[in-house]
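Here it is, the structure, as structure tokens.
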Amino acid sequence: MEGNPAEFEAIGNRLGFQIDAEDKEGICLSWRGARFPALLCLGIAIALLFISLPILEAIRQRGFTGPAASLWYFPLMNLILLGISFFLLSLKRTILFDHKQRLVVLRKRHIFRSHRLDLLYDEVAVVRLGIDQVYGGFAVAGSSAAQSYPVPSLRLILKNGETVLLDRGSVRRLKALGKRLSDLLEKPLQTEETPQPS
């Protein structure tokens, strides 16, 4: 194994990998970052340009002593929103199951860095469809502490005891994906029962 499985954990309750390519040599799964928030930030930033550009021009002409000086934060908000949207658009995860080399390659990248994890098929003990406890949010003033709740997950359990998160989502989709990967890896698919609410 090359890489750190902890780098491939996720905070969110859903990832939703899609099959990019599949042939006799293997399967390539991919996930792109949250598109809606990224496009929303980009849209707001573009809309704010109609306010920010005149403010910048007024500040350039009259300096910070003019009436537009008190609106200096609009161009700054534009830059922040553009930065957030570019970051979200750059998020990408891929999982390659290379049957020819009997290798699993996980990649995670964004504009600042990228991570890679290489596993041999022989290092995998089992494919597990189980339950992760995911935090629902952060505690804010006047609210109770953040609560965790169960979310279905698909993981590779390695022979050394470590686990590698593949995907989170609906049980039906993960079960179908787990069965395909189990057949591909020639490893058993282990299913954990969903805990019942008390």
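Both backbone and side-chain heavy atoms feed into the values below; hydrogens, waters and symmetry mates do not. Just so it is clear, the structure is predicted and the values come from calculations on it, not from any experiment.
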Exercise. Does I111 offer a backbone N or O that forms a donor-acceptor pair with the side chain of S90 under 3.5 Å?
Worked result: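 Yes, S90 side chain to I111 backbone: donor-acceptor pair under 3.5 Å.
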
Problem set entry | From CG (D167) to OG (S153), nearest 0.5 Å |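 Going from the CG atom of D167 to the OG atom of S153 covers 9.0 Å.
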
Exercise. Got a sec, which hydrophobics cluster with L103, joining ILVMFWY side chains under 4.5 Å apart, including via others?
Worked result: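 Joined to L103, directly or through intermediates: L96, V105, L120.
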
Exercise. Quick one: are D118 and V104 in side-chain contact, heavy atoms under 4.5 Å?
Worked result: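 No. Closest side-chain heavy atoms not under 4.5 Å.
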
Problem set entry | From CD (Q18) to OG (S30), nearest 0.5 Å |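 Reported to 0.5 Å precision, the distance equals 7.5 Å.
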
Seminar exercise, completed: For P188 and A125 the tightest heavy-atom approach is CD-O, 3.8 Å

Exercise. Can you tell if the side chain of V164 reaches within under 4.5 Å of the side chain of L117, non-hydrogen atoms only?
Worked result: yes

Problem set entry | Check: V124 main-chain N/O paired with K187 side-chain donor or acceptor under 3.5 Å | yes

Exercise. In Å, rounded to the nearest 0.5 Å, how long is the span from CG of L185 to CZ of F97?
Worked result: 5.5 Å

For this session: Could you pull out all residues at least two apart from Y121 that satisfy ring-ring contact (aromatic ring centres under 6.0 Å, His included)?
Result: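 In terms of ring-ring contact (aromatic ring centres under 6.0 Å, His included), with neighbours along the sequence ignored, Y121 is linked to H99.
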
Exercise. Applying the 4.5 Å side-chain criterion to the ILVMFWY set and letting contacts propagate, would L91 and F86 be lumped into a single cluster?
Worked result: no

For this session: Decide yes or no for L106 and L166: does some side-chain heavy atom of the first lie under 4.5 Å from some side-chain heavy atom of the second?
Result: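 The answer is yes, as the side chains (C-beta and beyond) meet within the 4.5 Å cut-off.
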
Exercise. Would R116 and E7 pass as an ion pair if we require N to O under 4.0 Å?
Worked result: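 Judged by the 4.0 Å cut-off on N to carboxylate O distance, R116 and E7 do not form a salt bridge.
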
Exercise. Is any side-chain heavy atom of I27 less than 4.5 Å from a side-chain heavy atom of I19?
Worked result: yes

Exercise. Do W72 and I55 come within less than 4.5 Å of each other through their side chains, counting heavy atoms only?
Worked result: no

For this session: Count the heavy atoms of every other residue, nucleotide or ligand shown that sit under 6.0 Å from NZ of K175, and state whether that count exceeds 12.
Result: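 Not buried by this count: 12 neighbours or fewer within 6.0 Å.
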
Exercise. Tell me, which pairs form a salt bridge (Lys or Arg N to Asp or Glu O under 4.0 Å) where one or both residues lie in residues 39-65, sequence neighbours left out?
Worked result: E57-R60

For this session: For H115, check ring-ring contact (aromatic ring centres under 6.0 Å, His included) against everything at least two apart and list the hits.
Result: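 If we apply the ring-ring contact (aromatic ring centres under 6.0 Å, His included) test to H115, skipping adjacent residues, there are no hits.
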
Problem set entry | Joint cluster assignment, M77 & F87, ILVMFWY side-chain distance < 4.5 Å | yes

Exercise. Does NZ belonging to K179 count more than 12 external heavy atoms closer than 6.0 Å?
Worked result: no

Problem set entry | Residue pairs, two or more places apart or on separate chains, that pass salt bridge (Lys or Arg N to Asp or Glu O under 4.0 Å) and touch residues 86-104 | R102-D122

Problem set entry | L81-L56 co-clustered via ILVMFWY side chain contacts under 4.5 Å | no

Exercise. About how many Å separate CG of L189 and OG of S182, when rounded to the nearest 0.5 Å?
Worked result: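 Between atom OG of S182 and atom CG of L189 there are 5.0 Å.
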
Exercise. Should we count CD of E2 as having more than 12 external heavy atoms under 6.0 Å?
Worked result: no

Exercise. Heavy-atom distance under 4.5 Å between the side chains of L158 and T163, does that happen here?
Worked result: no

For this session: Determine whether L29 and L129 fall in the same hydrophobic cluster, where Ile, Leu, Val, Met, Phe, Trp and Tyr are linked whenever their side-chain heavy atoms lie under 4.5 Å apart.
Result: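 Hydrophobic grouping puts L29 with L129.
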
Problem set entry | Joint cluster assignment, L174 & W31, ILVMFWY side-chain distance < 4.5 Å |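 Same hydrophobic cluster.
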
For residues 34-53, dump all side-chain donor-acceptor pairs below 3.5 Å to protein atoms at least two apart in sequence or in another chain.
unit_1 : atom_1 : unit_2 : atom_2 : d
S52    : OG     : L48    : O      : 3.1
S52    : OG     : F74    : O      : 3.3
S52    : OG     : N78    : ND2    : 3.4

Problem set entry | Minimum heavy-atom distance R173-G169, with the two atoms named | NH2-CA, 3.8 Å

Exercise. Within the distance-only criterion (no hydrogens, no angle test), does the side chain of D183 pair as donor or acceptor with the backbone N or O of E186 below 3.5 angstrom?
Worked result: no

For this session: Start with the C-alpha distance between E9 and R155, add both sets of side-chain angles, then the distance that settles salt bridge (Lys or Arg N to Asp or Glu O under 4.0 Å), and finish with yes or no.
Result: CA-CA 10 Å; E9 290 296 322; R155 292 178 175 270; 2.9 Å; yes

Exercise. In Å, rounded to the nearest 0.5 Å, how long is the span from CZ of R168 to CD1 of I131?
Worked result: 10.5 Å

Problem set entry | Nearest-0.5 Å distance, CZ of residue R32 to CG of residue L88 |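 Rounded to the nearest 0.5 Å, the CZ-CG separation comes to 13.0 Å.
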
